[in-house]
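Here the structure is laid out as structure tokens; the discussion comes afterwards.
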Amino acid sequence: MKLALAADHGAFELKESIKKHLDEKGIEYEDFGCYAKESVDYPRFAYRAAKAVANGTHDFGIICCTTGLGVSMAANKVKGIRAAVCTNEMLAEMTRRHNNANVICMGQNVVSQELANKLVDIFVSTEFEGGRHQRRVDLLTAIENGEDI
Ligand code: RB5
């Protein structure tokens, strides 16, 4: 498994602490920035990590900003991305089981570092249930493709 990580300045520290957690667990990742705390524009970094997931070079994305909201909006504009802002364990689990989310978004001002690590663990280890949920995810793809559903 290979993860794509990104954050803006508002979640630089959260990204660094998630990297430490992944290092400890031996999970491979690529850091798509930002690489310092100077103010940057979150769509650029969310886009880079989301693109890597959409291209298939990375399995999941972990993308953070102050709130998790801006990066989720940016990531969800990349074709093939289903990004979910997660603030608790249930959301991290359910968005994998039902939505087949491939990007988790979190806010540094919303979740603690400990909770973020837990959410990452849940997100990357929970399987999509398929079945009726596949039909619904297919409808999301249809919307993305401009189809009238
Ligand atoms: C940056 O100030 C902040 O707007 C950003 O981190 C994010 O929360 C946007 O949604």
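Remember, it's 1-based here, ligands and their atoms both numbered in the order they're listed. Positions are given from 1, in the same order as the sequence printed here.
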TODO: Hey, could you give me each pair passing side-chain hydrogen bond (donor to acceptor under 3.5 Å, both in side chains) that has a residue in residues 133-142? Not counting sequence neighbours.
DONE: His98-His133, Gln134-Asp138
TODO: State whether Tyr47 and Arg44 meet the cation-pi test: NZ (Lys) or CZ (Arg) under 6.0 Å from the six-membered ring centroid, and within 45° of the perpendicular axis.
DONE: no
Open item on the list: Using side-chain heavy atoms (C-beta onward) and a distance below 4.5 Å, is Lys118 in contact with Glu89?
Closed with: yes
Distance dump, ligand 1 polar atoms to protein, N/O, under 3.5 Å:
residue, atom, partner, partner atom, Å
ligand 1, 6 (O), Asp8, OD1, 3.4
ligand 1, 6 (O), Asp8, OD2, 2.6
ligand 1, 6 (O), Thr66, N, 3.0
ligand 1, 6 (O), Thr66, OG1, 2.7
ligand 1, 8 (O), Thr66, N, 3.3
ligand 1, 8 (O), Thr67, N, 3.2
ligand 1, 8 (O), Thr67, OG1, 3.1
ligand 1, 10 (O), Thr67, OG1, 3.4
ligand 1, 10 (O), Gly70, N, 2.9

Open item on the list: The criterion is side chain to side chain contact (heavy atoms under 4.5 Å, CB included); which residues satisfy it with Lys2, sequence neighbours excluded?
Closed with: Glu28, Glu30, His58, Asp59
Open item on the list: Can you tell me which residue among Leu22, Ile104, Val103 is in a side chain to side chain contact (heavy atoms under 4.5 Å, CB included) with Leu3?
Closed with: Leu22
TODO: Could I get the full list of side chain to side chain contact (heavy atoms under 4.5 Å, CB included) partners for Ala49, not counting sequence neighbours?
DONE: Ala4, Ala6, Phe32, Ile63
